[in-house]
Protein chains: 2
Amino acid sequence: MSDITSLVSRLATLGFADSPVEHAPVDTVEQWAEALSSTAGLPAKFTLTKTLIFKPKQPKSEPMAPVVVIAKHDSPTNSKSIGNELKLKDLRFASDDVLRDVFQTAKGSVSPFALAQVSQESIAHVRVVVDKALLSESSAAPIAFHPLDSSRTVFISVATLQAFLKSVDGLVHLTEMDFVADAAAGTKVEKKTTAAAATTEPKDEGGAAGMTKPGIEVSKDVDFPTWYKQVLTRSDMLEYYNVSGCYIVRPLAYFVWQQIQEFVDAGIRAMGVKNCYFPMFVSKEVLDREKDHIEGFAPEVAWVTRAGSTELAEPLAIRPTSETVMYPYFAKWIRSHRDLPLKINQWCSVVRWEFKNPQPFLRTREFLWQEGHCAHMTKNEAMVEVRDILTLYRRVYEELLAVPVIEGEKSEKEKFAGGVATTTVEGFIPTTGRGIQGGTSHYLGQNFSKMFEIMVEDPEATGSVRPKHLVHQTSWGLSTRTIGVMVMIHGDDKGLVMPPRVSDTQVVIVPCGLTVKHSDEDRRVVVDACLNVEARLRAIGVRAESDLRQNVTPGDKYNHWELRGVPVRLEVGPKDLEQSSVLSVRRDTHAKAPLSLSGLESSVQLLLATIQSDMLIKARKTLDERVKIVLSWDTFVPTLDDKCLVLIPWCERIECEEQIKVRSSRAAQGDEPEDEKAPSMGAKSLCLPYKQPTNPPLVEGETKCVQCGENAKRYALFGRSY
Amino acid sequence: MSDITSLVSRLATLGFADSPVEHAPVDTVEQWAEALSSTAGLPAKFTLTKTLIFKPKQPKSEPMAPVVVIAKHDSPTNSKSIGNELKLKDLRFASDDVLRDVFQTAKGSVSPFALAQVSQESIAHVRVVVDKALLSESSAAPIAFHPLDSSRTVFISVATLQAFLKSVDGLVHLTEMDFVADAAAGTKVEKKTTAAAATTEPKDEGGAAGMTKPGIEVSKDVDFPTWYKQVLTRSDMLEYYNVSGCYIVRPLAYFVWQQIQEFVDAGIRAMGVKNCYFPMFVSKEVLDREKDHIEGFAPEVAWVTRAGSTELAEPLAIRPTSETVMYPYFAKWIRSHRDLPLKINQWCSVVRWEFKNPQPFLRTREFLWQEGHCAHMTKNEAMVEVRDILTLYRRVYEELLAVPVIEGEKSEKEKFAGGVATTTVEGFIPTTGRGIQGGTSHYLGQNFSKMFEIMVEDPEATGSVRPKHLVHQTSWGLSTRTIGVMVMIHGDDKGLVMPPRVSDTQVVIVPCGLTVKHSDEDRRVVVDACLNVEARLRAIGVRAESDLRQNVTPGDKYNHWELRGVPVRLEVGPKDLEQSSVLSVRRDTHAKAPLSLSGLESSVQLLLATIQSDMLIKARKTLDERVKIVLSWDTFVPTLDDKCLVLIPWCERIECEEQIKVRSSRAAQGDEPEDEKAPSMGAKSLCLPYKQPTNPPLVEGETKCVQCGENAKRYALFGRSY
């Protein structure tokens with residue numbers, strides 16, 4: 001009795017005293033790590049854990065002898081080995097009943113603290129297995145546990161854990177195990193399944209061992225938000241950062257961005273645009289110059305108020321976009337019509353402190369983009385440029401990312417704050433049925449040139465004092481959002497599917513078919529063949545890589561590279577070489593085909609080109625199927641609920657757009673709660689497509705607006721959106 | 001009497017009432033504009049002015065009749081035309097005596113307010129000429145004047161100025177003139193000298209008309225700081241920004257940066273480094289992790305404390321560099337020795353809020369750079385990389401920018417805060433005799449990996465629980481400072497001198513030799529020839545451009561492109577074409593040589609290559625002449641005063657370095673006051689060069705330190721520096 005009390009009290013001093021940090025409830029270690037990544041006030045470094053409860057097969061007569069395993073989150077806790085260690089038969093995960101009745105806890109919330117809740121009768125029969133890795137951690141990193149509840153985390157020093165275990169020892173039967181060494185030993189026996197160590201564990205472990213699993217644990221169609229996070233983080237494209245709303249763009253993703261940069265830079269250079277760099281800081285006075293414009297951004301502006309320990313006389317804004325940063329200097333640089341057109345662009349990051357739910361690449365507080373700003377003599381010149389840029393953006397999506405987009409004009413309500421007209425390329429995410437703005441090119445008219453007095457003497461005019469002429473301006477931007485759209489559209493349950501043109505690795509070469517029967521010589525022949533293929537492909541500019549890792553099975557290599565979306569895998573084995581060929585496997589279709597070693601260069605290039613175009617064709621087919629012409633309001637919301645976008649004859653009135661949002665959202669209550677930016681997901685106009693439907697044709701003065709019945713002006717694309 | 005009093009009082013209400021803004025005293029409009037550019041609380045836009053006082057040739061008998069000209073800063077106030085307008089002979093700038101005795105003012109401080117100080121006897125004889133451009137300004141932009149003192153500025157509305165003039169009218173003889181139209185008329189007569197309109201003005205105008213002059217007004221050797229500013233701003237490389245310490249990198253300069261980016265990216269990719277992007281924000285907790293490191297940066301860190309109208313729970317730092325941003329993730333990503341080496345780089349801007357005198361490119365509060373961060377298993381691997389990167393940096397300076405640098409190691413005092421060793425490439429600015437750090441590559445040792453627990457299991461070790469091994473890290477960076485160094489070293493009194501490899505325009509083609517005698521047909525032939533040459537050169541990748549502007553004389557085109565440093569000018573005239581050749585003019589040497597049209601491609605390519613290497617050779621010769629071996633303290637400071645760097649046998653002790661700084665600065669009191677970063681310019685160690693002098697050789701245990709007499713370890717490079 002006193003024992004259990006002392007245990008409880010000691011537990012108290014450990015867990016509940018240590019005021020745990022609060023976070024969203026989590027089911028998997030993955031989610032746990034993510035939840036903590038956006039939680040403040042954590043230790044610099046800590047070790048995540050899993051606490052597993054097993055039950056051996058035993059006669060009903062005997063008192064239940066559950067096994068509590070306290071392990072490092074990524075230790076391969078193989079139930080069979082544990083059983084062997086404890087001489088217990090057929091160890092299985094304990095049922096929910098056992099968790100509830102014996103430990104008064106539930107899956108996901110299991111922790112050592114559950115021991116405190118075991119009745120005195122039962123406690124004596126409980127066996128505790130603790131992971132050596134937790135105790136031997138030379139690092140002083142504290143250890144993280146859920147105190148009985150997966151929405152809270154406490155951090156306990158190794159010393160404290162040991163103290164706790166000491167106290168438990170004697171009360172319960174305590175064992176230490178070295179799971180890593182154990183698994184290693186295991187692999188010697190069954191080489192083919194090293195990484196399988198984890199997967200042999202019962203699935204109902206709640207994914208606690210997730211971090212050791214290379215792959216994606218949820219289906220894209222079942223849990224899209226989790227799928228998206230897992231694809232990005234596990235493919236090493238992106239890392240969550242300890243400042244909420246900010247993310248680390250890792251090399252795999254940054255490579256895509258650099259491909260886009262090269263493509264866009266070449267395109268705009270041909271248009272006479274020159275790159276430059278303006279400071280990231282804007283004085284309040286300048287930022288406020290253009291009222292409509294600033295109203296659009298003010299709530300999201302980040303302010304620098306201190307440098308070192310010195311308060312700044314005037315706080316400085318970090319640019320959310322650079323119109324007001326640049327245009328005072330346009331006024332200075334543009335003295336005469338001969339200074340026109342002025343065309344500049346900058347690659348930089350901008351900061352928009354959104355308080356809405358951030359999403360990697362799609363909505364982040366700092367993001368990378370390109371912003372072009374031009375001044376022209378005439379509206380016509382400006383408009384031509386606006387469309388040329390939009391075409392360039394469409395080509396980035398279609399030719400590089402294999403993503404189809406719809407070109408059009410934004411409605412009055414959706415256009416850029418302070419501009420006259422906004423043109424846009426709109427993408428579509430089939431899994432959620434939502435549209436997404438892909439890039440915008442604005443005609444600013446003379447609105448900013450009036451505010452900033454960017455004017456020249458009218459060359460047409462005569463007389464000594466010529467009338468001033470306000471310039472016509474444009475601005476246009478494309479951001480790293482492109483990467484998120486690409487991932488969402490092409491990815492599958494195995495991970496990323498990369499379009500060849502933007503994939504850092506286009507071809508991975510994997511030696512395989514080598515068994516214990518093969519000699520070192522056989523192995524060397526295969527490895528040499530791999531390196532030879534790699535060299536030949538690199539020689540023609542294909543980004544090829546051989547994966548010659550010794551300690552990893554071919555199967556694990558396949559998973560590794562499929563997760564990263566590498567377009568083509570070439571398998572090279574003794575049998576293939578006998579046929580003087582290699583086996584190619586497409587990431588997008590999984591189609592396999594042997595490729596003869598002779599002429600391999602051209603066949604691989606052809607294959608990459610085919611994959612690139614097939615990906616676009618497939619995505620466009622889906623888009624075409626999911627954009628529906630809707631001619632009556634009754635079918636409007638049902639079509640959206642079908643995860644489609646709708647094309648409707650529309651009156652183009654702001655009031656009507658607002659009504660559409662309301663009427664479509666009420667119907668959609670509670671949908672997609674993960675995205676607060678689209679509260680209950682009312683539909684909004686995505687664009688007025690340049691390519692207008694012809695069947696049925698829209699007849700001016702006859703065709704009515706689907707929502708309000710007024711005369712329709714154009715077909716408009718409406719949808720739920722990001 | 002009452003009149004003059006009312007004038008004075010009205011002046012009071014204009015000028016002194018309007019609480020003028022304070023700034024550094026200025027002598028030229030250029031300096032004025034710059035001073036205001038870093039002054040807070042100015043009107044959004046304003047017109048700078050010049051107030052000039054002339055005196056006609058007149059009999060001593062007559063009362064002096066000075067002429068006060070109030071004009072837009074850039075109006076071509078041609079004294080001859082003013083004389084004609086007023087029927088006054090030989091108008092000349094009034095002597096200092098006149099300014100003092102009649103107007104109680106002095107050059108640089110002259111303003112309309114001086115009229116208030118003219119005695120009643122004299123005021124009646126004063127003539128005032130006002131620039132129509134000031135009155136007709138359609139814009140409501142206020143007009144800037146110095147209220148009797150060039151360190152203050154008041155802003156007056158056009159209306160107020162008119163009111164003022166009304167009040168003056170009657171008291172003085174008032175005339176309005178349209179200087180622009182006047183100059184335009186003038187040019188029709190003497191076409192060849194359009195831009196000369198300005199230069200015909202007396203030089204002692206104090207550069208007030210500076211902004212209309214295309215060229216550089218001061219000699220590089222006479223007033224280096226002003227020369228540097230003028231070269232940067234007038235060549236359109238850089239623009240001053242309204243946030244002090246921040247500058248706009250304009251296309252001409254950004255192009256150089258992009259060339260450097262391409263070169264460095266290719267180099268590091270070959271080393272296996274991958275590009276990525278980390279957020280610009282750092283939490284305080286993370287920033288503070290490494291003490292020595294943060295001490296080095298804390299005083300200069302900019303803090304974001306507010307987003308929109310919301311105070312942030314925790315202020316966020318803007319990265320001054322990314323060690324502490326990245327390394328927590330290194331700890332996460334590096335799980336095993338197989339994850340090593342980890343090599344990443346990012347191109348970004350960083351913010352260091354220096355309170356010292358900022359200098360474009362050399363010391364700015366935000367600057368662009370590249371920062372590489374790598375983790376290795378062994379010290380040796382890390383050191384090899386550190387040197388490979390340093391070599392890459394040297395090649396950027398030598399091969400791209402034609403700037404010679406000295407490679408070496410930083411002293412204990414000068415090394416990177418938190419690192420173990422810093423290697424550096426040091427440049428030299430001959431005009432000031434000062435050294436400048438060109439780029440650094442650090443070996444961080446295990447200092448950061450210890451702080452951030454970046455460790456792997458030692459693969460050498462055996463046993464089930466392997467000891468942890470801390471990784472060896474490096475970090476290295478190159479910034480836009482490179483551009484400033486290039487400009488300072490190569491520029492001359494005509495402006496920039498660009499190394500061909502980084503010049504946006506490599507060859508400019510100018511049609512010339514066309515006079516009124518020539519027919520339109522003749523003109524067309526020449527123009528076609530220019531375009532043909534341009535096309536041929538572009539076809540082989542030479543960045544060539546034809547300047548076919550009609551309204552600009554060849555002479556002005558020469559100035560325009562020389563100011564921008566274009567390496568080669570090709571003059572194409574009827575006579576050249578008769579010889580089927582063009583005339584080439586080198587920007588660096590001004591050497592002229594005809595180039596045959598046949599084989600022009602190769603001869604131009606050869607010429608560009610020659611210029612590139614000649615520029616480096618020339619700069620290196622200067623550097624070699626100005627690095628002196630000094631063997632006794634007596635000659636140490638005199639050699640520095642000779643604008644040289646010194647190589648001394650040195651003990652390498654911090655105390656000794658500090659003594660050297662003190663002893664060399666006392667001697668240099670008041671030198672180079674424009675740079676507060678080097679207070680009274682004491683010398684510091686620039687590096688311990690890898691290439692050690694051999695004559696005289698340094699004998700361990702024998703050779704003594706030049707300053708303290710202790711045993712010298714190595715020759716060290718000391719100098720005054722930026």
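Note that this is a predicted model, so its numbers are computed, not measured. Note that these values count all heavy atoms, side chains included, but never hydrogens, waters or copies made by symmetry. Chain letters run A, B, ... following the sequence lines, proteins first and then strands; every chain starts at 1.
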First locate atom [atom1] of [X], then atom [atom2] of [Y], and finally report the distance between them rounded to the nearest 0.5 Å.
| X | Y | atom1 | atom2 | value |
| --- | --- | --- | --- | --- |
| A:N275 | B:Q258 | CG | CD | 4.5 Å |
| B:C276 | A:M237 | SG | CE | 13.5 Å |
| B:F255 | A:R269 | CZ | CZ | 7.5 Å |

Name the member of [options] that forms the most heavy-atom pairs with chain B at distances under 4.5 Å.
| options | value |
| --- | --- |
| A:T480, A:D236, A:L316, A:N345 | A:L316 |
| A:T364, A:V243, A:L368 | A:L368 |
| A:A313, A:P299, A:P279, A:A307 | A:P279 |

Between [X] and chain B, which part of the residue has a heavy atom less than 4.5 Å away: side chain, backbone, both or neither?
| X | answer |
| --- | --- |
| A:Y247 | backbone |
| A:V286 | side chain |
| A:L252 | neither |

Is the shortest heavy-atom distance from the side chain of [X] to the side chain of [Y] under 4.5 Å?
| X | Y | value |
| --- | --- | --- |
| B:I344 | A:Y254 | no |
| B:R335 | A:D74 | yes |
| B:T310 | A:W353 | no |
| B:V351 | A:F281 | yes |
| A:N242 | B:P328 | no |

task = Report the C-alpha distance between B:Y241 and A:Y329 in whole Å, list the side-chain angles of each, state the deciding distance to 0.1 Å, and finish with yes or no for ring-ring contact (aromatic ring centres under 6.0 Å, His included).
result = CA-CA 9 Å; B:Y241 187 67; A:Y329 297 91; 5.7 Å; yes

Residue, of B:C246, B:G308, B:A302, that accumulates the most heavy atom pairs under 4.5 Å with chain A =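 The answer is B:G308.
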
key: Pick from B:R549, B:E366, B:K274, B:R338 with the largest number of heavy-atom pairs that fall under 4.5 Å of chain A   = B:E366

query = Are B:R250 and A:W333 in a cation-pi setup, meaning NZ or CZ lies under 6.0 angstrom from the ring centre and within 45 degrees of the ring axis?
reply = yes

